[in-house]
Number of protein chains: 2
Amino acid sequence: MTAHGEGVRDDDGAAGVPPGSQASPQEIGVPAARQRLRAIPEAAVARLAVYLRTLSGLGEQGVNTVSSEELATAAGVNSAKLRKDLSYLGSYGTRGVGYDVDVLVGQIEQSLGLTRRHSVAVVGIGNLGHALANYGGFPSRGFPVSALFDKDPDLIDIPVGGIPVSHLDDIVRVCTEREVTIGAIATPADGAQEVCDRLVEGGVACILNFAPVVLQVPEEVEVRKVDLAVEMQILSFHVARRTHDAEAVGASGRVDPDQVDAVPLNGARLDGEGMVVRP
Amino acid sequence: MTAHGEGVRDDDGAAGVPPGSQASPQEIGVPAARQRLRAIPEAAVARLAVYLRTLSGLGEQGVNTVSSEELATAAGVNSAKLRKDLSYLGSYGTRGVGYDVDVLVGQIEQSLGLTRRHSVAVVGIGNLGHALANYGGFPSRGFPVSALFDKDPDLIDIPVGGIPVSHLDDIVRVCTEREVTIGAIATPADGAQEVCDRLVEGGVACILNFAPVVLQVPEEVEVRKVDLAVEMQILSFHVARRTHDAEAVGASGRVDPDQVDAVPLNGARLDGEGMVVRP
DNA sequence: GGCTGTGAAGACCTTCACAGCC
DNA sequence: GGCTGTGAAGGTCTTCACAGCC
């Protein structure tokens with residue numbers, strides 16, 4: 001989302017913190033923890049997850065203390081941004097010294113809500129669904145995949161990554177039973193909205209959508225979209241920009257500037273197929 | 001993504017357009033096309049790709065003309081933003097009428113550099129690599145996957161999606177020969193940097209990185225990162241925020257505000273394994 | 001001396017609201 | 001009347017730069 005963007009969100013302004021709450025640091029009766037939680041900017045949240053991984057790596061290497069400069073370099077951001085991000089959590093550094101790795105890991109985990117387990121359901125057991133079901137990073141850190149769904153009868157009851165696949169018709173029941181909080185949609189585009197509706201009906205509040213569609217959801221449901229075609233096209237844009245730059249440098253003013261206006265490659269359309277392709 | 005989405009980018013300020021170039025609309029000798037290309041904000045580029053898909057869908061349904069309101073709804077943004085985004089391309093709408101679907105498709109394709117083919121290499125042929133190699137959305141729209149790599153001897157020369165897998169050692173040669181412009185890294189974290197270095201050596205200018213590492217690249221290389229663990233953690237944050245809100249509404253001030261401070265779930269670390277897991 | 005935490009400044013993005021055109 | 005294109009206003013995020021603490 002990378003930044004990168006990142007990603008394509010649509011907060012619709014609701015994310016804005018009321019001016020008052022930031023001006024008066026701590027009203028009586030309203031705990032600082034909650035204030036803090038709401039105050040962390042979206043962009044910072046994404047980076048905190050990256051810092052967390054970097055810190056975990058450092059911790060395993062036996063590093064106890066890290067400066068903002070070191071951590072920033074390792075995480076690929078600049079140090080001012082890192083310090084600002086960490087300041088949203090509170091003041092857990094020591095001036096002249098740096099941050100204690102374990103303390104910081106604990107604080108970030110708490111802020112991201114990682115002190116709670118989040119059962120994950122994966123819908124669409126194609127290649128991508130397999131990749132998600134087997135992804136080692138999830139279960140090892142509080143994201144156990146606890147339900148799988150597909151509509152293909154041949155897949156039902158076959159275990160993938162240790163969990164048997166259920167039918168799409170059972171989404172509501174199974175998600176409710178297993179208290180699924182996060183749903184990953186890895187189906188083709190045409191089934192995605194219906195799958196999404198069932199997940200929501202089954203009590204799933206957060207959805208990670210790999211299908212190339214814009215999902216319609218009630219406003220209390222959070223959707224994040226991972227769209228590979230979009231990522232490729234963004235990269236394509238940068239190739240084009242670079243090419244222009246190179247031309248400009250190589251022979252400034254000489255090269256036909258409008259060569260880009262050449263006829264389109266072909267009339268094929270991209271939208272269609274979604275991610276799930278079974279060999 | 002999403003204002004969230006954003007994805008995690010790291011332009012490091014270099015993307016900032018020098019104040020002068022925007023003030024003076026069109027210097028002599030510098031064609032408008034290039035000015036436009038550089039001027040499109042990153043955030044708008046990501047959305048243009050979404051509009052493109054939406055428009056393609058409309059085109060297939062036989063729709064010839066669309067208003068900003070209609071297209072915005074279908075793409076999940078508000079109409080002012082959409083019009084602003086489209087205005088970066090030039091003025092291709094008709095007041096009182098709307099936009100011609102085909103014209104708009106053509107203009108967006110041109111701006112995103114989709115009038116040129118981009119050969120794609122996929123490195124790491126695990127579940128995710130398979131998903132990428134078979135992804136229908138790529139070849140159908142100017143992103144032919146033309147090279148696959150893995151280090152597992154058992155996979156070498158086996159065709160996946162019609163293309164035989166090559167060894168990591170051949171990345172430089174094969175990418176050069178096949179003029180690969182985009183590389184997708186779907187390896188575990190520990191091999192990713194080396195793979196990246198070889199891709200760059202093989203002339204690849206844009207990299208889509210699925211491995212949970214921050215890649216070091218020369219500044220002329222563009223990297224976009226897709227990090228599933230980070231996406232999950234961002235969703236986790238929103239679950240936590242929602243839970244807090246619900247408590248605040250349900251029994252304002254009564255519920256123990258620091259229940260979040262409970263001990264961390266376990267000491268497991270997330271970083272490690274990367275995406276590629278073979279059953 | 002070294003490093004954190006943070007106001008203030010600046011860049012960037014979104015939204016508003018309306019002039020201009022069909 | 002309807003809709004686009006766009007200055008201007010308003011937010012949000014990033015960067016700067018330095019006070020404050022060890």
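Just so it is clear, the values below take in all heavy atoms, side chains as well, and ignore hydrogens, waters and symmetry mates. Quick caveat: nothing in here was measured; it's all calculated off a predicted structure.
Checked against dC13(D), dG5(D), dT4(D), the side chain of Ser91(B) finds its nearest nucleotide in dG5(D). For Tyr88(B), whose side chain is taken as the heavy atoms from C-beta onward, the closest listed nucleotide among dC13(C), dT14(C), dG5(D) is dT14(C). Comparing dG5(C), dC13(D), dT15(D) by their closest approach to the side chain of Ser87(A) singles out dG5(C). Ranking dT15(C), dC22(D), dC13(D) by closeness to the Thr94(A) side chain, first place goes to dC22(D).
The shortest distance between the side-chain N/O atoms of Asn78(A) and the OP1/OP2 oxygens of dT15(D) is below 4.0 Å. Considering only side-chain N and O atoms, Arg95(A) lies nowhere under 4.0 angstrom from the phosphate OP1 or OP2 of dA19(D). Between Tyr99(A) and dG5(C) there is a side-chain N or O to OP1 or OP2 distance below 4.0 Å. Taking only side-chain nitrogens and oxygens, Ser68(A) comes nearer than 4.0 Å to OP1 or OP2 of dT4(C).
In this entry the distance linking CD1 of Ile40(B) with P of dC12(C) reads 15 Å, nearest Å. Rounded to whole angstrom, the span from the CG atom of Leu104(A) across to the P atom of dT4(C) amounts to 11 Å. We find that CG of Leu82(B) is positioned 10 Å from P of dG5(D), with the value rounded to whole Å. If you measure from atom CG of Asp85(A) to atom P of dT14(D), you get 7 Å, rounded to the nearest angstrom. Rounded to an integer number of Å, the gap from CZ of Arg83(B) to C1' of dC3(D) is 8 Å. When the C1' atom of dT12(D) is taken as reference, atom NZ of Lys81(B) falls 12 Å away, rounded to whole Å. Regarding Leu86(A), its CG atom lies at a distance of 13 Å from the P atom of dT14(D), rounded to whole Å. In this structure, Tyr51(B) atom OH and dT4(D) atom P are separated by 13 Å, rounded to whole Å.
Using a 3.5 Å distance cut-off with no hydrogens or angles, the side chains of Ser79(B) and Glu69(B) do pair a donor with an acceptor.
Along DNA chain C, the nucleotide closest to Val97(A) and the one closest to Ala80(A) are compared, and the more 5′ of them pairs with Val97(A). Between Lys84(A) and Gly98(A), the residue anchored nearer the 5' end of DNA chain C, judged by the nucleotide with its closest heavy atom, is Gly98(A).
In a base pair of the Watson-Crick type (N1 to N3 plus N6-O4 or O6-N4) or a G-U wobble (N1-O2 and O6-N3), with each distance short of 3.5 Å, dC22(C) is matched with dG1(D). Under the Watson-Crick or G-U wobble criterion, with both distances below 3.5 Å, dG11(D) is paired with dC12(C).
Within the model, atoms CD of Glu70(A) and OH of Tyr99(A) stand 12.0 Å from one another, a figure rounded to the nearest 0.5 Å. Considering CD of Gln233(B) and CG of Leu114(A), their distance stands at 5.0 Å, rounded to 0.5 Å.
A donor-acceptor distance shorter than 3.5 angstrom exists from the side chain of Ser236(B) to the backbone of Leu112(A), with no hydrogens or angles considered.
A salt bridge is absent between Arg241(B) and Glu42(A): the closest approach of a Lys/Arg side-chain nitrogen to an acidic carboxylate oxygen does not fall below 4.0 angstrom.
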